[in-house]
J.: 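A single structure is presented below for examination.
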Amino acid sequence: MNQFKSIPGTFDVLPRGYTSGSDVIAPVSVWRHVEEAVRRVMVRYGAEEIRTPILEPTELIARGIGQSTDIVSKEMFAFERGSTNYVLRPEVTAPVMRAFLQHNLAQQGGTQRLFYIGPCFRAERPQKGRYRQFHQFGLEIIGSEDARSDAETITCALDVYLELGLREFTVRINSLGDRDSRPKYKQALLDYFLPLSDQLSEVSRNRLDTNPLRILDTKNERERELLKGAPILLDFIDDESRQHYDSVKEHLTEVGVSFVEDPFLVRGLDYYSRTTFEIESAVLGAQSALAGGGRYDMLSSEVGSKKIVPAVGFAAGIERLIMALNAAGKADVDSDCPDAFIVSVDNVAPGWIFSTAKSLRDSGLSICYDLQGRSMKAQMREANRQNARYVVIAGEEDITSGVVQLKDMSDGSQEEVSIELLSKTIGASQS
RNA sequence: GUGGUCGUAGCUCAGUUGGUUAGAGCGCCAGGUUGUGGCCCUGGAGGUCGGGGGUUCAAUCCCCCUCGAUCACCCCA
């Protein structure tokens, strides 16, 4: 009988953490540490949390992200039930936009700053830093064209990394221009590459038909050489987009964010226009992108809005963030430990242990005790392993006399405490 | 979907040019200390050496198949 295993590309987050292949799966405490940092930073940005379903209509994702993208064409976990097509969300921007439109959040006035944390799903072949179920957090600023919102999106992502103690990353930015810029540029790219097509790899040759922009981020050495002579996207964008882009760069510079302009930074989701950016870390191996995002002014109309709703946002991978934290030695986080562990000498008075634990818990303390009838030594070891602050030692006589031993595990000191005063004494020293 | 690498205890890994009961460290359990943890010492549990087939007197080791893991391409977080 084979044991069941988690599906490839998914993993369990355990209390203690473990290694899986070359990946270190961090303990839950690290995950919470990250999630709390995200929430702190988001609050500073005035962002409010939004939670959307894991399941979305397939059509929303297909239209939002784009039929020809890899995500939609080959990486969706999608299924049909009755007359409805469902998909496990591969990202959260389109769902957030859907929710924004569905609930008419524009009616609440102003610009909405919405953030999320949660799982996403893509049917890719797993590898280091890439999973089938992975976790993202992100910010969407919906309802403004202001270049400050683009810059704010970038600083917000960076602030999460800074908050967690990361320092080593690079920001790459580019502008894709407006709706009309891309077709013009695509044509220019085609004009450049078609005569050279015999020098291109098979994948890139196919892309000339399907999505020529994707040739720009090839890793192939020879193609990179060819790219040096290729037309530059920035030369094809409209004046307004150019001004907008300059303005984004100025704002970033004003607040001391350094970045590199990458004329070949396109992204694999169709909804981007104008600003795009990626934040990457050198410590991550092949999957080096920590976060990515950009402006998506066209998305709202793609998913059925009559009005164009301008928006920008970023999405960041939590697994990759944790990998970077591990590499930077910033992933050591204290996990919760009990205030006290009750040791029963010779396993006497199980009922008393149970009810005492309950009443101490009722007073807000975290209490553990042995459930296996183990020796006192083993109970002490267990208390030590769990990092209990105190051990309550109770034997037959202690309980009848109403006075137990309270041992402070940090320095080994021990005192007699009457049972009625236990919660007060343990609680008083809570730091 | 395509390539490379690797499968020995819960974890990290030794090992056998094919030869009796397959090892270590960590972890776990117990004892050393009959009411006291961390350190130390002793002992113990735990493995069909991924699975199937073949070669051989004999396979964990050699061959074939298969399954799984992993890294990379592609793409993205």
Side-chain angles (χ1 to χ4, degrees), chain A residues 2-3 5-9 11 14 16-25 65 69-75 90-93 117-138 157 201-204 206-207 211 214-215 217-220 266-269 278-281 284-293 314-324 341 343-348 372 374-398 404-414:
Chain A
N2 296 350
Q3 274 195 21
K5 288 197 285 194
S6 55
I7 282 169
F11 54 89
L14 302 181
R16 311 266 160 166
Y18 59 101
T19 55
S20 161
S22 64
D23 262 9
V24 178
I25 307 295
I65 299 177
T69 61
D70 283 24
I71 293 180
V72 170
S73 62
K74 55 182 196 195
E75 295 170 5
E91 55 98 58
V92 194
T93 299
I117 306 178
C120 296
F121 304 82
R122 291 183 198 172
E124 295 183 280
R125 189 89 156 243
Q127 75 187 64
K128 191 180 175 65
R130 195 173 70 187
Y131 302 92
R132 289 185 180 165
Q133 174 175 344
F134 58 104
H135 299 77
Q136 290 193 335
F137 63 89
S201 64
E202 198 188 323
V203 220
S204 292
N206 287 335
R207 287 196 182 123
N211 199 345
R214 296 241 55 91
I215 298 178
D217 50 21
T218 178
K219 287 179 186 168
N220 183 309
V266 289
R267 295 181 49 76
L269 296 79
E278 262 180 33
I279 300 171
E280 57 186 47
S281 161
L284 292 187
Q287 311 303 322
S288 61
L290 275 175
F314 79 83
I318 296 183
E319 287 80 1
R320 292 182 189 178
L321 169 50
I322 290 176
M323 283 166 68
F341 190 102
V343 166
S344 167
V345 180
D346 299 326
N347 294 296
V348 296
Q372 296 184 80
R374 289 189 288 183
S375 70
M376 177 168 183
K377 185 192 181 93
Q379 294 181 55
M380 289 299 296
R381 246 203 316 259
E382 180 66 26
N384 186 61
R385 210 181 355 246
Q386 292 190 18
N387 238 309
R389 287 168 49 237
Y390 286 98
V391 165
V392 174
I393 300 166
E396 194 83 66
E397 287 169 33
D398 306 287
V404 293
Q405 298 292 319
L406 184 65
K407 176 164 182 163
D408 184 329
M409 292 296 273
S410 60
D411 59 10
S413 66
Q414 195 165 312

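Below, chains carry the letters A, B, ... as their sequence lines are ordered, and counting in each starts from 1. Owing to the predicted nature of the structure, the values given are computational and were not obtained by experimental measurement.
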J.: If you measure from CD on A/Glu91 to CD1 on A/Ile71, what distance do you get to the nearest 0.5 Å?
T.: 6.5 Å
J.: Quickly work out the A/Lys74 NZ to B/C73 P distance and round it to whole Å.
T.: 13 Å
J.: If I take atom CD1 in residue A/Ile117 and atom P in nucleotide B/A77, what distance separates them, rounded to the nearest angstrom?
T.: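 Roughly 17 Å, once rounded to whole Å.
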J.: Counting side-chain heavy atoms from CB outward, which of B/U2, B/A77, B/C71 is closest to A/Gln136?
T.: B/A77
J.: Say we look at B/G68 and B/G51: how far apart would their P atoms be, to the nearest angstrom?
T.: 15 Å
J.: Using a 4.0 Å heavy-atom cut-off, does A/Ala315 contact any base of the nucleic acid, only the sugar-phosphate backbone, or nothing at all?
T.: sugar-phosphate
J.: From the list B/G31, B/C71, B/A77, which nucleotide is the closest neighbour of the side chain of A/Ala289?
T.: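 For the A/Ala289 side chain, the nearest candidate turns out to be B/A77.
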J.: Using the P atom on both, measure B/C41 against B/G47 and round to a whole Å.
T.: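 That atom pair is separated by 26 Å.
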J.: In whole Å, measure the gap between the C1' atoms of B/U5 and B/G52 for me.
T.: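 Their C1' atoms lie roughly 23 Å apart.
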J.: Quote, to the nearest angstrom, the C1' distance that separates B/A9 from B/U60.
T.: 14 Å
J.: With sugar-phosphate meaning primed atoms plus P, OP1 and OP2, does A/Ile318 contact a base, only sugar-phosphate, or nothing at under 4.0 Å between heavy atoms?
T.: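 Since no nucleic acid heavy atom lies under 4.0 Å of A/Ile318, the category is nothing.
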J.: Mapping A/Gly317 and A/Arg125 to their closest nucleotides on RNA chain B, which lands nearer the 5' end?
T.: A/Arg125
J.: For the P atoms, the ones on B/G37 and on B/C29, what distance do you get once it is rounded to whole angstrom?
T.: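 Taking atom P in both B/G37 and B/C29, they lie 14 Å apart.
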J.: In whole Å, measure the gap between the C1' atoms of B/A30 and B/U17 for me.
T.: 42 Å
J.: Kindly indicate whether the side chain of A/Cys120, heavy atoms from C-beta on, has any atom under 4.5 Å from the side chain of A/Phe134.
T.: yes
J.: Please find the pair of heavy atoms, one from A/Ala315 and one from A/Gln136, that lie closest to each other, and give the distance.
T.: CB-OE1, 3.7 Å
J.: Picking from B/A72, B/G68, B/C74, which would you name as closest to the side chain of A/Asp70?
T.: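 Looking only at heavy atoms from C-beta outward on A/Asp70, the closest nucleotide is B/C74.
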J.: Once hydrogens and angles are ignored, does a donor-acceptor distance under 3.5 Å link the base of B/A77 to the side chain of A/Arg122?
T.: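 Yes.
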J.: Identify the nucleotide, in any strand shown, that forms a Watson-Crick or G-U wobble pair with B/G31, with both distances under 3.5 Å; if there is none, say none.
T.: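 Partner of B/G31: B/C41.
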J.: Return the value, rounded to whole Å, for the distance between atom CD of A/Glu124 and atom P of B/U2.
T.: 16 Å
J.: To the nearest angstrom, how far is A/Lys5 atom NZ from B/U70 atom C1'?
T.: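 About 12 Å, once rounded to whole Å.
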J.: Rounding to a whole Å, what distance do you find between A/Gln372:CD and B/C28:P?
T.: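 It works out to 13 Å between those atoms.
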J.: Under the salt bridge (Lys or Arg N to Asp or Glu O under 4.0 Å) rule, what pairs show up with a residue in residues 117-127 of chain A, not counting sequence neighbours?
T.: A/Glu124-A/Arg130
J.: Using only side-chain N and O atoms of A/Arg374, determine if any of them is under 4.0 Å from OP1 or OP2 of B/C29.
T.: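 Checking A/Arg374 against B/C29: at least one side-chain N or O falls below 4.0 Å of OP1 or OP2.
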J.: Looking across every strand, which nucleic acid part, if any, lies under 4.0 Å from A/Ser375 by heavy atom: base, sugar-phosphate, or nothing?
T.: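 Result for A/Ser375 = sugar-phosphate.
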J.: Could you tell me the separation between the CD atom of A/Gln379 and the C1' atom of B/G31, rounded to a whole number of Å?
T.: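 From A/Gln379 CD to B/G31 C1': 16 Å.
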J.: Along nucleotides 33-46 of chain B, 5' to 3', which nucleotides get a B, which get an S, and which get a -, given that the test is a protein heavy-atom distance under 4.0 Å?
T.: --BBBB--------
J.: Tell me the partner of B/G47, counting only Watson-Crick (N1-N3 plus N6-O4 or O6-N4) or G-U wobble (N1-O2 and O6-N3) with both under 3.5 Å; none if nothing fits.
T.: none
J.: Under 4.0 Å, heavy atoms only, any strand: does A/Pro8 hit a base, just the sugar-phosphate, or nothing?
T.: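 Answer is sugar-phosphate: A/Pro8 comes under 4.0 Å of backbone atoms only.
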J.: Only pairs with both distances under 3.5 Å count, Watson-Crick or wobble alike; so what is the partner of B/G1 in this structure?
T.: B/C73
J.: Rounding to a whole Å, what distance do you find between A/Tyr131:OH and B/A77:C1'?
T.: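 It is 11 Å, rounded to the nearest whole Å.
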J.: Of all the heavy-atom pairs spanning A/Gln379 and A/Phe341, show the shortest one and how long it is.
T.: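 Scanning both residues completely, I find the closest heavy atoms to be O-CE2, 3.6 Å.
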J.: Taking CD1 from A/Ile322 and C1' from B/A77, how many angstroms apart are they, rounded to a whole number?
T.: 13 Å
J.: When rounded to the nearest Å, what value does the distance between P atoms of B/A14 and B/C39 take?
T.: 27 Å
J.: Which nucleotide, if any, forms a Watson-Crick or G-U wobble pair with B/C11, using both distances under 3.5 Å?
T.: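 B/C11 is paired, partner B/G25.
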J.: In the structure I gave you, are the side-chain heavy atoms of A/Ile117 and A/His135 within less than 4.5 Å of one another anywhere?
T.: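 No. Closest side-chain heavy atoms not under 4.5 Å.
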J.: Roughly how far, to the nearest 0.5 Å, is the CE atom of A/Met323 from the CD1 atom of A/Ile25?
T.: 9.5 Å
J.: Using the P atoms only, state how far B/C62 lies from B/U8, rounded to an integer number of Å.
T.: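 Result for the P pair: 15 Å, nearest Å.
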J.: Any side-chain heavy-atom pair from A/Leu321 and A/Phe137 closer than 4.5 angstrom?
T.: yes
J.: Rounded to the nearest 0.5 Å, what's the gap from OG on A/Ser375 to CE on A/Met380? Could you check?
T.: 11.0 Å
